[in-house]
Asker: 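Before we start, here is the structure in question, set down as structure tokens.
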Amino acid sequence: MIETGMVENGGEHDALDLLEYAPYLFRSIANRLGQADSSYLAQNFGVGLNEWSCIALLALEPNIPATRICDVSGFDKGVISRSINSLEMKGLVRGALAPNRSRLRLINLTPAGWQLYHETRAYAREREERLLAGLSRTERVNLTRMLNVVHANMRKAEGS
């Protein structure tokens, strides 16, 4: 962990204080969450974090194409394709051709996929609770609102 105040600004090297630099904080938090969650999910449920992300989205939005998963998650097509293929081989999702669209495959959770989702949902909620411990209800609502603003800004920046 970087200690606040360790960076001397000014002079020849005007270093960023990483504890006040939002992109660093987002990346650091995401990396740590991803590593811990990926390890836990693999050991306890036999899926990786990318696969679980697909499962979570399919629980929220059933019967969607892989391109929708890419759009929402921010993962590239290759990652999602490998994740969906792995989930299909494990019997957790099923793809079927969309009516009237001969090349569009719509993905759904199988009964086993829904079971896994319900088992992992409790872990996800517990993880969120530990992560947000010490924040009041109002602070949590404000944090989520602010993160959604940043997320929307990111999507706009990607589109420009």
Asker: Is the side chain of T120 donor-acceptor paired with the backbone N or O of Y117 at a distance under 3.5 Å, no angle test?
Answerer: yes

Asker: Ignoring hydrogens and geometry, is there a side-chain-to-backbone donor-acceptor pair from S28 to Y24 under 3.5 Å?
Answerer: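 No; zero donor-acceptor contacts below 3.5 Å.
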
Asker: About how many Å separate CZ of R127 and CG of L41, when rounded to the nearest 0.5 Å?
Answerer: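 One gets 9.5 Å once the value is rounded to the nearest 0.5 Å.
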
Asker: Show the nearest heavy-atom pair for residues L135 and E139, with the distance to one decimal.
Answerer: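 Closest heavy-atom pair between L135 and E139: CA-OE1, 3.2 Å.
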
Asker: So how far is it from S38 OG to W52 CH2, rounded to the nearest 0.5 Å?
Answerer: 12.0 Å

Asker: Given the rule in the side chain to side chain contact (heavy atoms under 4.5 Å, CB included) test, do H151 and M154 qualify, once you have shown the distances and angles that lead to the verdict?
Answerer: CA-CA 5 Å; H151 190 256; M154 189 70 209; 5.6 Å; no

Asker: What's the verdict on salt bridge (charged side-chain N to carboxylate O under 4.0 Å, His left out) for E88 and R105, showing C-alpha distance, side-chain angles and the deciding distance?
Answerer: CA-CA 13 Å; E88 281 185 307; R105 285 184 68 228; 2.4 Å; yes

Asker: Given 3.5 Å as the limit, does a donor-acceptor pair link the side chain of T110 with the main chain of R94, or not?
Answerer: no

Asker: Checking Y123 against N44: is there a side-chain donor and acceptor pair closer than 3.5 Å?
Answerer: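 The answer is no; no qualifying pair exists.
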
Asker: Take atom CZ of R137 as the centre, draw a 6.0 Å sphere, and report whether it contains more than 12 heavy atoms from other residues, nucleotides or ligands.
Answerer: no

Asker: Take E51 and K90, measure what salt bridge (charged side-chain N to carboxylate O under 4.0 Å, His left out) needs, and give me the verdict at the end.
Answerer: CA-CA 11 Å; E51 292 170 316; K90 294 174 183 177; 3.2 Å; yes

Asker: Decide yes or no for Y40 and F45: does some side-chain heavy atom of the first lie under 4.5 Å from some side-chain heavy atom of the second?
Answerer: yes

Asker: Does S83 reach the main-chain N or O of V79 with its side chain, forming a donor-acceptor pair under 3.5 Å?
Answerer: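 Checking the backbone N and O of V79 against the side chain of S83, a donor-acceptor pair under 3.5 Å is found.
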
Asker: Provide the closest heavy-atom pair for I69 versus L57 in the form atom of the first, atom of the second, distance.
Answerer: CA-CD2, 3.6 Å

Asker: Report yes or no: do F26 and L143 belong to one cluster of Ile/Leu/Val/Met/Phe/Trp/Tyr joined by side chain heavy-atom distances under 4.5 Å?
Answerer: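 F26 clusters together with L143.
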
Asker: Check the pair R140 / E128 against salt bridge (charged side-chain N to carboxylate O under 4.0 Å, His left out), numbers first and verdict last.
Answerer: CA-CA 11 Å; R140 290 174 187 218; E128 180 186 36; over 6 Å; no

Asker: For I55 versus G113, what's the shortest heavy-atom pair and its separation?
Answerer: CG2-O, 4.2 Å

Asker: Looking only at heavy atoms, which two atoms of V93 and I107 are closest? And how far apart?
Answerer: CB-CG2, 3.9 Å

Asker: What are the two closest non-hydrogen atoms of I80 and C70, and how far apart are they?
Answerer: CG1-SG, 3.6 Å

Asker: Tell me, with the steps shown, if N63 and L58 meet side chain to side chain contact (heavy atoms under 4.5 Å, CB included).
Answerer: CA-CA 7 Å; N63 209 38; L58 288 166; over 6 Å; no

Asker: L92 versus L109: any side-chain heavy-atom pair under 4.5 Å?
Answerer: no

Asker: Does K77 offer a backbone N or O that forms a donor-acceptor pair with the side chain of S81 under 3.5 Å?
Answerer: no

Asker: Restricting to non-hydrogen atoms, name the atom on G34 and the atom on L49 that form the minimum distance, rounded to 0.1 Å.
Answerer: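 Between these two residues, the closest heavy atoms are CA-CD2, 3.4 Å.
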
Asker: More than 12 non-hydrogen atoms from neighbouring residues, nucleotides or ligands closer than 6.0 Å to CZ on R121, yes or no?
Answerer: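 Enclosed: over 12 neighbouring heavy atoms sit under 6.0 Å from CZ of R121.
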
Asker: Is there a path from V150 to L132 through hydrophobic residues (I, L, V, M, F, W, Y) whose side chains come within less than 4.5 Å of each other?
Answerer: yes

Asker: Please answer: with hydrophobic residues joined when any side-chain heavy atoms are less than 4.5 Å apart, are L106 and I64 in the same cluster?
Answerer: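 No, L106 and I64 fall in different hydrophobic clusters.
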
Asker: Is there a path of hydrophobic side-chain contacts, each under 4.5 Å between heavy atoms, that joins Y21 and L19?
Answerer: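 Cluster IDs for Y21 and L19 match.
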
Asker: Same cluster or not: are L16 and L25 linked, directly or through other Ile, Leu, Val, Met, Phe, Trp or Tyr residues, by side-chain heavy atoms under 4.5 angstrom apart?
Answerer: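 Cluster IDs for L16 and L25 match.
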
